[in-house]
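The structure presented is a predicted model; accordingly, all values stated were derived computationally and were not measured.
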There are 2 protein chains.
Amino acid sequence: MSTIKDVAKEAGVSVATVSRFLNKSGYVSENSAKNVLDAIKKLDYQPNSVARALFHKTSKMIGLIVPDITNPFFPELARAVEDVSMIYGYKVLLGNSDGDPEKEQNYLDLFDQKYVDGIIMTSRSSKTDLTLNTDTPIVVLDRANISGLPTVTSNNYEGARQAVELLIEKGAMHIAHIRGPREITSANDRYQGFIDEMLKNNMDYVIAESAFNLKSAEEAAHHFFDKHKQIDAIFCSNDTIAVGFLKVALKKGIQIPADLQIIGFDGVAFGEMVYPELTTVAQPIYDMGAMASRLLIKLIEKEEPEQLLYELKNSIIERGTTRK
Amino acid sequence: MSTIKDVAKEAGVSVATVSRFLNKSGYVSENSAKNVLDAIKKLDYQPNSVARALFHKTSKMIGLIVPDITNPFFPELARAVEDVSMIYGYKVLLGNSDGDPEKEQNYLDLFDQKYVDGIIMTSRSSKTDLTLNTDTPIVVLDRANISGLPTVTSNNYEGARQAVELLIEKGAMHIAHIRGPREITSANDRYQGFIDEMLKNNMDYVIAESAFNLKSAEEAAHHFFDKHKQIDAIFCSNDTIAVGFLKVALKKGIQIPADLQIIGFDGVAFGEMVYPELTTVAQPIYDMGAMASRLLIKLIEKEEPEQLLYELKNSIIERGTTRK
DNA sequence: TTGTAGGCGTTATCAG
DNA sequence: CTGATAACGCCTACAA
């Protein structure tokens, strides 16, 4: 790896000239410019971004904290973050927190030491016992605007409401909701949206609960179907739960969507892999990631963003688990 | 953010002493140690890892290049890489290449500028027109040992063979293979394993082809089922293809596994989400990622690794798309 | 238009 | 046991 000194020597100028050339700052004669350029090419010089970072206290990196990249919601988010970050010249440092505040703090500290220019953190829990370095901008994804931090979410409440509307429109008479964990903000919002819309329609409902993973969902489903025979539609707090219920229903020979309609939430890819394909309230996952990045980059570059809270709209995707 | 100087001043010693204390290099008196420690706590000092990186030409970061984190195979890999890297004190920089050599090169350069200590690249294509910085160790994942680089893969050939064995054992008479793209090494190995085992058993076979995505698989499946009525078992080059075929078969009312058995390859999570659950040749994805990290870290730390090529074993997971 | 020099935060060397 | 100091590679006054 050659350094700016090598280039300077090769080009017969000083490092200052090379630096000016590189950064288009200050004057450099046509002749010098040519020499420098030649030298750069000849030596295959690439400026060392660590040295740059040290000087500028800025690294052109953004830190991304997700609970678990293995959870199907997050890869798409991460991809979006990386795509738009890249466009603006930022690299992304990834961290999995497992939703553990300690690990989150850990990454926050790590990121600071690395001079990351900004942080996107997508924590689904609502705990906020973190000490934040106030001069590194942070945007929060997929969680309510609790801490006053810039936030990007989707309207979970409204999405849930619409799910119920759809089910009713499709003729559902006895609707159940399988809610997600109580620590998860979005699960609570969806729950509330469900309740309110059911109440508005004067309908009785059944509530069950499941964690956001398949095993838990299947267990819940077995219990559920043993107990509730009359239910003809289920709104699940996310797609994983929905798929778990779908599987168990299928196994029990329940006709989907004739006897039982199911609608999930999230719009992750595997919704299309099951049969019948899962109807769902799709979050604009990629857009949320992209939006978060753009917002963060504005913050980093001290532009005034229009808003500090973006609540994107969800859209219902009707597929095979609800009636035509 | 306070620096080592602040700490030194606060503790009434020189930066050298602080540094020695921090790195446990050289002597520092009990008394000084105490003062330094107090100062560190008081100022909440954290050593700046950028400055460290500049000095050491080493960043405690490893770069990870995947084709697309959105592809269900890679999150688990990435997670493994991050988990074990973290244990050894390495952070991970993520890049999506889309299998594009240009983007791969791009990240390689980027990573070098950042002084990453090592790189894990998982490219499924077999192209090798990359210029590599020879003093940054690289380990290659999920691709044949083409370029003489340290590599971690699974035995695709053997896995494919076993898939065929299983199908035959389960009574399959007319077996088809849906092969993956020709540029993808592992797809070719699986294809070859299939062919050889079929030949060994003197069985005729049918070959079709599909890209590794659901849309392509479903199209291929429609064509396939229209043409081939007598096929009673299909070995698909990966799980995505398998799920595509499963969906279309279900839609056509084909009984699975009674009339048609299906086996996939990879062992990704959504294999358990479909119903019937997908039988598959499971790669030890997490282990592969973990192994790659450990190998890389050995390389980084100049330990002599036992081997430069790790070929992990696949294992068949019998689920619902093959007979009992 | 160009070069010199000091500094970003850390570490290692070398006297003391 | 401790403290100056040079160096890592780059950038920006400032002087020329």
Report summary line: Reading nucleotides 6-16 of chain C from 5' to 3' and marking B where a protein heavy atom lies under 4.0 Å of the base, S where only the sugar-phosphate is that close, and - otherwise, the string is -BBBBBB----
**Report entry** Check: A:Ser49/B:Gln113 side-chain N/O donor and acceptor closer than 3.5 Å
**Finding:**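 The criterion, which ignores hydrogens and geometry beyond distance, is not satisfied for B:Gln113 and A:Ser49.
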Query raised in the report: Does the side chain of A:Thr136 pick up a donor-acceptor pair with the side chain of A:Asp112 at under 3.5 Å?
Result: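 Distance-only check passes for A:Thr136 and A:Asp112.
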Query raised in the report: Using a cut-off of less than 4.0 Å, is there contact between a side-chain N or O of B:Ser32 and OP1 or OP2 of D:dC1?
Result: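 No.
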**Report entry** Phosphate OP1/OP2 of C:dG3: any A:Thr17 side-chain N/O under 4.0 Å
**Finding:**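 Checking C:dG3 against A:Thr17, a side-chain N or O does come within under 4.0 Å of OP1 or OP2.
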Separation of [N] [atom2] from [X] [atom1] (nearest whole Å):
X: B:Asn31; N: D:dC1; atom1: CG; atom2: P; value: 12 Å
X: B:Tyr27; N: D:dG3; atom1: OH; atom2: P; value: 17 Å
X: A:Lys9; N: D:dG9; atom1: NZ; atom2: P; value: 12 Å
X: B:Asn35; N: D:dT2; atom1: CG; atom2: C1'; value: 14 Å
X: A:Phe21; N: D:dC11; atom1: CZ; atom2: P; value: 13 Å

Using side-chain contact (heavy atoms from CB on, under 4.5 Å) as the criterion, list what pairs up with [X], not counting sequence neighbours.
X: B:Gln307; value: B:Tyr310
X: A:Asp135; value: A:Asn133
X: A:Arg294; value: A:Val84, A:Tyr88, A:Ala290, A:Met291

Query - Donor-acceptor contact below 3.5 Å, side chain A:Asp68 vs main chain A:Asp98 - result: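 Side chain of A:Asp68 to backbone of A:Asp98, a donor-acceptor pair under 3.5 Å: no, none is there.
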Query raised in the report: How far does the helix from C:dT1-D:dA16 to C:dG16-D:dC1 bend, going by the axes of its first and last five pairs, to the nearest 10°?
Result: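 The two end axes of the helix from C:dT1-D:dA16 to C:dG16-D:dC1 meet at 50°.
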Query raised in the report: Who are the ring-ring contact (aromatic ring centres under 6.0 Å, His included) partners of A:Tyr107, not counting sequence neighbours?
Result: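 Partners of A:Tyr107 under the ring-ring contact (aromatic ring centres under 6.0 Å, His included) test: A:Phe111.
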Requested in this report: For the residue pair B:Asn31 and B:Asn35, establish whether any side-chain heavy-atom pair is separated by less than 4.5 Å.
Outcome: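 Yes. Closest side-chain heavy atoms under 4.5 Å.
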